[in-house]
Amino acid sequence: MASSSSHRLVFFCLACLLFTFSYNSVAGESDKVKLNLYYESLCPYCQSFIADGLVKIFDSDLHTITDLKLVPFGNAHVSDNLTVTCQHGEEECKLNAIEACAIRTWPDPNVHYWFIRCIENDTTNWESSCFAQYGGEKAIKDCYSSDLSKILIFGYANQTLSLKPKHKYVPWVTVNSKPLYKLNDLVARVCKAYKGKASLPKICHSSALSKLPESKVMKLQVSYADEDFNYQAEDLN
Ligand SMILES: *[C@@H]1O[C@H](CO)[C@@H](O)[C@H](O)[C@H]1NC(C)=O
Ligand SMILES: *[C@@H]1O[C@H](CO)[C@@H](O)[C@H](O)[C@H]1NC(C)=O
Ligand SMILES: *[C@@H]1O[C@H](CO)[C@@H](O)[C@H](O)[C@H]1NC(C)=O
């Protein structure tokens, strides 16, 4: 009797400790900063943003306060007969669908991000290298060859087309639903947007890291919905 109640007490205290620990160190899901990337698979500017920009989130502790959603649709169109046409052709539609299926297969961004990054880093040979590195081949191929991939793409189409304000180009990034026009402010904006109770990730206190390095991302170009334009993202601000 005494021993069972002391066991219960120990268990209770452990639970308290665990609760306190997770409460202090992990951002609650609802507090996380909502970071959405609207992109399409074969757009070079999207590829460099995925490789050099988004990597900051997963290379650092920033992912602990970030709720990243990748939305692979971009400047594609859905016609009245529900045919999807992609800016960079059929292959882009295919890779968007594969990536949609990867997100479905691995809902954790810290898993699907790396797979998608792997595809975008080598859109020619990804199939042999990325499945070998990350697995998921059966689940992703089954999804791709079924109606599920179409349903997922229509969902992403809907999310992209209901953006307010509408996206003007890709990569289009929103932080808590507001467009991020200066893509190299990504880290600083996510840190600033966080209003939760967990302590801020270390990267937020590092002035050197809160800006992305003077890399490709600084000079990142964008792919307009209307391809006649090709300004630099910086010109828009
Ligand atoms: C769907 O519509 C597009 C034009 O809007 C046309 O090119 C295409 O052939 C149509 N596809 C089918 C299956 O009817
Ligand atoms: C990117 O692809 C090249 C081959 O095209 C490969 O050598 C390199 O390791 C890849 N990098 C990443 C980060 O996957
Ligand atoms: C389309 O998107 C809106 C807003 O994001 C959502 O409320 C609606 O349920 C979606 N519709 C479909 C068919 O997914």
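Start at 1 with the first residue, then count along the sequence. Predicted model, so just to flag it, every value in this text is computed and none were measured.
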Determine yes or no for a side-chain-to-main-chain donor-acceptor pair under 3.5 angstrom, with S48 supplying the side chain and P44 the backbone. yes

Flag yes if L82 and I151 sit in one hydrophobic cluster, no otherwise; membership is Ile, Leu, Val, Met, Phe, Trp, Tyr, and two members link when side-chain heavy atoms are under 4.5 Å apart. no

What are the two closest non-hydrogen atoms of A76 and E40, and how far apart are they? N-OE1, 4.2 Å

Nearest 0.5 angstrom please: L152 CG to K150 NZ, how far? 11.0 Å

One pair to check against side-chain contact (heavy atoms from CB on, under 4.5 Å): S177 and N36. What are the steps and the verdict? CA-CA 8 Å; S177 306; N36 292 8; over 6 Å; no

Hey, would you say the Y134 and W114 ring centroids sit under 6.0 Å apart? no

A100 and I153 have their tightest heavy-atom pair at CB-CD1, 4.1 Å

Do Y181 and L183 share a hydrophobic cluster (ILVMFWY, side-chain heavy atoms under 4.5 Å, transitive)? yes

Point-to-point distance, once rounded to the nearest 0.5 Å, from SG of C101 to CG of L95: 11.5 Å

Mind running side-chain contact (heavy atoms from CB on, under 4.5 Å) on N158 and F73 for me, showing each step along the way? CA-CA 9 Å; N158 183 18; F73 183 77; over 6 Å; no

Can you see which heavy atom on G74 is nearest to which on T160, and at what distance? O-CG2, 3.7 Å

Flag, side chain of E92 to backbone of Q87, donor-acceptor distance under 3.5 Å: yes

With sequence neighbours excluded, residues passing salt bridge (charged side-chain N to carboxylate O under 4.0 Å, His left out) with K192: none

Are side-chain N/O atoms of E99 and Y156 paired as donor and acceptor at under 3.5 Å? no

Would you call the rings of H167 and W172 parallel, tilted or perpendicular if under 30° counts as parallel and over 60° as perpendicular? perpendicular

Test your reading of the model: is there a side-chain donor-acceptor pair from Y113 to the backbone of I50, 3.5 Å cut-off? yes

Can you list the steps and then say if K182 with N184 is a side-chain contact (heavy atoms from CB on, under 4.5 Å)? CA-CA 5 Å; K182 292 189 171 183; N184 57 323; 3.8 Å; yes

Residue pair A132 / S128: nearest heavy atoms and the distance that separates them: CB-O, 3.3 Å

Quick check on R104: does its CZ atom have over 12 non-hydrogen neighbours (other residues, nucleotides or ligands) under 6.0 Å away? no

Validation row: D142, L148 side chains within 4.5 angstrom (heavy atoms): no

Which atom names give the shortest non-hydrogen contact between G135 and F115, and what distance separates them? O-CE1, 4.2 Å

Could you check whether any side-chain N or O of D67 sits under 3.5 Å from a backbone N or O of V33, counting only pairs where one atom can act as donor and the other as acceptor? no

Any sub-3.5 Å donor-acceptor pair from H77's side-chain atoms to T85's backbone N or O? no

I'd like to know whether CG of N81 has more than 12 heavy-atom contacts from other residues, nucleotides or ligands below 6.0 angstrom. yes

Does any N or O in the side chain of S60 come within less than 3.5 Å of the main-chain N or O of K56, such that one atom is a donor and the other an acceptor? yes

Dump the intermediate steps for side-chain contact (heavy atoms from CB on, under 4.5 Å) on K32 and T66, then the final yes or no. CA-CA 5 Å; K32 287 186 174 180; T66 309; over 6 Å; no

Minimal non-hydrogen separation, L62 against C191, with atom names: CD1-SG, 3.9 Å

Return the CG to CD1 distance between N121 and I116, rounded to the nearest 0.5 Å. 13.5 Å

Would you check if the side chain of S146 reaches a backbone N or O of C143 as a donor-acceptor pair within less than 3.5 Å? yes

Side chain of Q47, backbone of S41: donor and acceptor closer than 3.5 Å? yes

Backbone N or O of K202 within a donor-acceptor pair of the D61 side chain at under 3.5 Å? yes

Look only at the side chain of Y39 and the backbone of C43, and say whether a donor-acceptor pair between them is shorter than 3.5 Å. no

